[in-house]
Each structure stands twice: as C-alpha cells, then as structure tokens.
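What you are looking at is a predicted structure, and each value in this text was computed from that prediction instead of being measured. So that the names make sense, note that chain A is the first sequence line, chain B the second, and so on, each numbered from 1.
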Number of protein chains: 2
Amino acid sequence: MAKAPRKAETSIDAIAADLVAVLVAVTEGEPKIMTIANATALPSGPFQFGHRSLQTGLRAWVEAQTGHPLGYVEQLYTFADHGRTGDARAPHRISISYLGLTREDQVREGSEGHWSGWYEYFPWEDHRAGTPALLAKIVAPKLRAWAKSAESTSVQKARWQRAAITFGLDDRTWNEELVLQRYELLYEASLIPEAVRAKGTGDAVVPGRAMISDHRRILATGIARLRAKIKYRPVVFELMPAEFTLLQLQRSVEALAGRTVHKQNFRRLIEQQELVEETGAMAAETVGRPAKLFRFRHGIVAERAVAGTKLPLSRS
Amino acid sequence: MAKAPRKAETSIDAIAADLVAVLVAVTEGEPKIMTIANATALPSGPFQFGHRSLQTGLRAWVEAQTGHPLGYVEQLYTFADHGRTGDARAPHRISISYLGLTREDQVREGSEGHWSGWYEYFPWEDHRAGTPALLAKIVAPKLRAWAKSAESTSVQKARWQRAAITFGLDDRTWNEELVLQRYELLYEASLIPEAVRAKGTGDAVVPGRAMISDHRRILATGIARLRAKIKYRPVVFELMPAEFTLLQLQRSVEALAGRTVHKQNFRRLIEQQELVEETGAMAAETVGRPAKLFRFRHGIVAERAVAGTKLPLSRS
DNA sequence: TCCATTATGCTCAGGATAAGTATAATACGA
DNA sequence: TCGTATTATACTTATCCTGAGCATAATGGA
C-alpha cells in the first residue's frame, strides 16, 4: 500500500466493473431466475460514478432492465475476465455478482425481464424425482471419455475420481451443494457450449441452456450459495408469500435443494425452531385435509444468531 | 446488459480496484496477521493491467510488500469506498479482499512486512481464558450508554437487544462467529477510532489497535470467515507444520476460534474423520507424557465433499 | 518415590435425526 | 352414502452425535 501508486484512477490501473444479479423466486414449487436478452443473460450493467454504492448500482440496473424491485440481496463473488477478451493488453473488466431473493411479480410491460426455470440451465441438478436419467445416460459417459482421454493413468484416475465425487457416481451420495464444482468440471471437460465457444472446438456437449460470457458460472455460484444457506439461515422465507402452509414451504425448500425431504421431520424441525406461527386461518381450495396457514416470525431472526457448531466448543 | 454501454472502459464508468490480503498464520498458539505500514495496514495494492487475474495481482503485491509467498487463498468480499472520499463526483475505488493461510516464515529483510497478533486489533474476541474483563468493564457500559442515547424507547430497546445478542450479554451465549457484526456495531456506536475519525467527533473509544481506511473491517470479515470455516472444512491444516501433535492442532483451532474446546472430544472428532494419520514418531522436548506426531491426510480432502446438512434431506 | 503435567482410552446421559406407523380431515365419484 | 384418494398431523423407535467427565498411562523433576 505504501509503495503503491495511489492516484492512478485515470491512468494505468483503471478498470471497469459490471454488477450482475442472480435474482431468485420460487413459484408453485419451481425455482426461477430473472433473465434478460431472451433468457441468455442475467440482469447486469456497469458500476458508474452516479451509483452511491455497489448495491444501489445493482438495484438501479435490475429495476431498469426488468422493472422488478430488489429485496433481500447479498454479495456472491467478484470475477475478473478469464482472459477471454483475447488481448492481454486490454484493460480489465471485473464482474461483481449478487444473489437476490424475491417473489415472482409482474414484470414491467415492454421490459426485457423474464423469469426462467433454473433447471433449464442445469438439468442435472434436479433430483426431486430421483436421479435424472441424463446423468447416467449422457453426463457420466462423456465424463468417463474425458477422463480416459488423459495421457497418464494417474491423471485418468484423478479425473474420474473428481467426476464421481462431484456427480455422485459409483454409488457415492449426491451432494446438492457442489453446483459450481460440477459446472466447472463440465467446463473443463469442454462439455458445455460456453467452453467450446471459447475454444472454438465445438462438438458434443451436455444438455442445458447456455448463457453469455460467464453468466452461467455466476448462476451456478448463486444456486450453490443458496442451497448451502437455506440449511442454516431462514432465508427461504424471503421467497414465500406472507401466509403459507408447511407443505408449500417444504416444496420451496425442495425446489431450491433439488431433492425431497421427509415431510414429518421437516415440520418438526421448522416448528421446534419457532420460525413460524399459525395465523389461525386454514388453506382453502385444496385437495385433501385442509392445512393450517403459517406466517414467518420476523422477530426470531434478530433473536437468533443461529447455532450450528461442528467443533466440540465447551460452554463454560 | 443489452442496453448498457459496453465500450466504456476509459470513459465514465472507469474505476480503480485495490487488492487486499488478510494473511493469517498461527505461531505457538497465537493467531497472527501480516501487516505493513507499522502494523496499521494490510498488504494491498491496485489491480493493474499487467496482472493476469485477481489472485496473481494479489500474490504479486503481497510478495513485493512482505517477501512472503502466498499459499492457500480464497476471496472474502468486495467493498466500495463508503463515501469517505468526500467528493461524490470522484471516481469509485473498490477493494477486493482475500483470505490467505500460511505458516509464519521469515519476512524478507528490509521489507515492511510484520506479523501482528490479531487480538491486538480485537481484544474483545479472545475468550480462551474466559470472557475478557474489558467486555463487562468497558464495552458493555459504553454500549448501554449508546443504546440509552437513542430518542425513542423502542430504538433504545432494539439497540440494546442487538448489543446483547452480538456480544453475548445478559446471560446470552457468546457466538464467536459474529466478529464482523460486533465490529460494525461498535463502529455504529462510534466506539472505535476509525468511526470517530470519519465523523471527527473523537472521544472515548474501546481498546484495540486501529487500522487505515476500512482494513480493520476487512480483517474482521476474514476472522469471521475463518472461524466459520474451520468448523466444516479442514483448513486448519494450512496453518500447521508438516507434523504436529493433536494438542498443537487443538491450540491452533482454539487460537482461531478464540475459545477452548474439550480435549478428549476434539481428538475423537479429528480421528473419526480420518483427517490425520500417525507418523510413527513422538514429540520431543515436552513436559508430561510424550505425544504422538500426526500428519494431515491430504488425500482425504479430495475424497470428501464434506457433509454437514441441517435439513432432513432424505437419502434415497 | 511422589507430584505435576500431558496423553489417551472409555463410559454415560441427553439430544438430535432418519424413518416409519397411525390417525384425522377433506373432496369426489360410484 | 360410502368408500377412496389425498393431504395433514401426531407419535414411536432406533440410531447416531455430542458434551462432559472419570480413569489410567507416560514422562520429568523435586
């Protein structure tokens, strides 16, 4: 710091920063993300002088592009361009990405904004109806071929081990949090269009809709973060309406996690944590026995700093 | 994105980005951070054209300033200047911060680098010898005064509740992960020099060494991240020598967490996770019964994608 | 030899978790 | 009107994890 040139804003170290939003909603048990440009891009725009902060800049861009106001927001990650601009002498461009949570709402007429199901971009991530067929039929064989294509046997082994762990192959258990690792593995194996596009060696890829530049990587980062976070912070409620049944809540969690949960135990967990309270009303227009309606206890968020230790920390 | 000006690198939305490192080591049971500028700043420097990526830029700056090579690195957070530059029309400057883990080593002769104990900056965070006296004697009374200074009773209550929760007052339990929340609360209450400096209303503050601009906030972010992470990822080993006893490992964890753990249970946890293996040798030059030496099983990192669920996710 | 000190093995109670069984309400069609 | 499908909700059970403490083993030094 002391030795660094400090007045360099307009000279050699000037760069440009983009703000990118992974804006999530869950509607009728399906996770959606806000997209623009015909569902090929996330809402984004440059961080400009007029923006008072990174978040206000992000909010401005999202509202301008989609007409949708931003609620809960947290920062995800900052990427620098992966040298894909070609010219190494070109000034840097970095992307500062955010995760936002809302409810699906009216997208402004005439705006570019569009809610897209996130599993369109990651079909291998939805395990709610069991392991998707395309994993065994398409992904696994291609990954095996990629592993085999390495020269040395040790690299072949290492590649396959990595693939098996991240995708839960060879009887390993599926870990829903490894969204980014899976995407990056597929990218490395040139099995997704974005990678092939960069290399120019286009050919057989895995199913799933592509996005511009590294937006799909950013989306993977957002999904991974959200899947991890719902386990120790009550963020699901940002995605729920004011009143909901426990089954609706469960379906939302399952939509995000991409897997099912045990119904009775889910209720017990939610209730014993005192996260919700009954509204007194019952759900209408349903099949089966009507369910009680609940609302989120906002007070509890401030109360709890949340537990969740893993080390044997002594109490006294 | 579609509507955003794309070629603006040199025009209105050009900004400057600093790379900042929280470089941690643990030596003889004390957590240290690498500092420069007489222990008032973290290693940092601008992201420049010549840097191939954010991480390479960071590595270059840290090595130049401290002579210490960077090992394990992960990104922390990206901050924009908090409007402290004064001029709202001035171009933006953002800080991209990283957490790095190493072992204390020889700092290059003549370099600015210096290892400082991190509890010098956060004396209220060290609970290894019980709750520090300054919490009850200094911090709590000042926070209570700050709470009382609010106009409305409801704000007074809310302020004190927040203080009590983050600092574990009123018989609440101490949560060692809330490092950043505690710093930000003290900042808001004008109890630390950095806040007073910005406001210009200098007066009674809480003990603890200050840093330039928001480096102490960045340090708090790094400590919080590390305290959270050691509970579910085997990152402590980045800070350990090749061979170590289980007690040394425990002392390192305690140094980071700022609290003690139950010895027997700690061993059980480490051993049953198969994170370490015996080297066969014993520790020399100690008091008491000699301890076995262990080494970290590097292989296990790749094997495990780590468990740690909190929702009743069903297996099938 | 006794004591201080650290290492290590083991037990036990309580709580959390996964999984399953059983029963309660509702709508709808036969 | 009565079964049946469907969802809600209450309990039970076995297992595992965790915190806490007791007991014993090695070592060096007084």
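Comparing C/dT17, D/dA26, D/dT7 by their nearest atom to the side chain of A/Gln272 picks out C/dT17. Proximity note for B/Pro290 (side chain, C-beta onward) versus D/dT27, C/dA19, C/dT8: the nearest is D/dT27. Side chain of B/Arg268, nearest nucleotide from D/dT18, C/dA24, D/dC11: D/dT18. Nearest to the side chain of B/Leu269, among D/dT18, C/dA18, D/dA8, sits D/dT18. You'll find that the side chain of A/Val287 is closest to D/dT6, out of D/dT9, D/dT6, C/dT6.
The CZ-P distance, from A/Phe266 to D/dA10, rounds to 15 Å in whole Å. Regarding B/Glu278, its CD atom lies at a distance of 14 Å from the C1' atom of C/dG9, rounded to whole Å. As rounded to whole Å, 9 Å separates atom P of C/dA18 from atom NE2 of A/His262. In this entry the distance linking CD of A/Gln248 with C1' of D/dT9 reads 16 Å, nearest Å. Atom pair A/Phe294:CZ and D/dT9:P shows a separation of 6 Å (rounding to whole Å applied). Atom NZ in B/Lys292 sits roughly 12 Å away from atom C1' in D/dA25 (whole-Å rounding). Atom P of nucleotide D/dC16 and atom CD of B/Gln273 are separated by 17 Å, given to the nearest angstrom. The nearest whole Å value for the distance from the CG atom in A/Asn265 to the C1' atom in D/dT12 is 12 Å.
Distances shown here put a side-chain N or O of B/Arg267 below 4.0 Å from the OP1 or OP2 atom of C/dT8. Regarding contacts with the backbone of D/dT9, every side-chain N or O of A/Lys263 stays at 4.0 angstrom or more from both OP1 and OP2.
The closest donor-acceptor contact from the side chain of A/Asp170 to the backbone of A/Arg172 lies at 3.5 Å or more, if one exists at all. Not a single donor-acceptor pair under 3.5 Å links the side chain of B/Arg217 to the backbone N or O of B/Leu180.
Of the listed residues (B/Arg227, B/His127, B/Lys231), just one forms a side-chain hydrogen bond (donor to acceptor under 3.5 Å, both in side chains) with B/Glu176, and that residue is B/Lys231.
Among the heavy atoms of the strands, none lies under 4.0 Å from A/Leu246.
At least one test fails for A/Arg182 against the ring of A/Trp124: distance under 6.0 Å to the centre or angle within 45° of the axis.
The closest side-chain donor-acceptor pair between A/Tyr183 and A/Gln181, if any, does not fall under 3.5 angstrom.
Nearer to the 5' terminus of DNA chain C, by closest-nucleotide assignment, is the contact made by A/Gln264 (compared with the other of A/Arg289 and A/Gln264).
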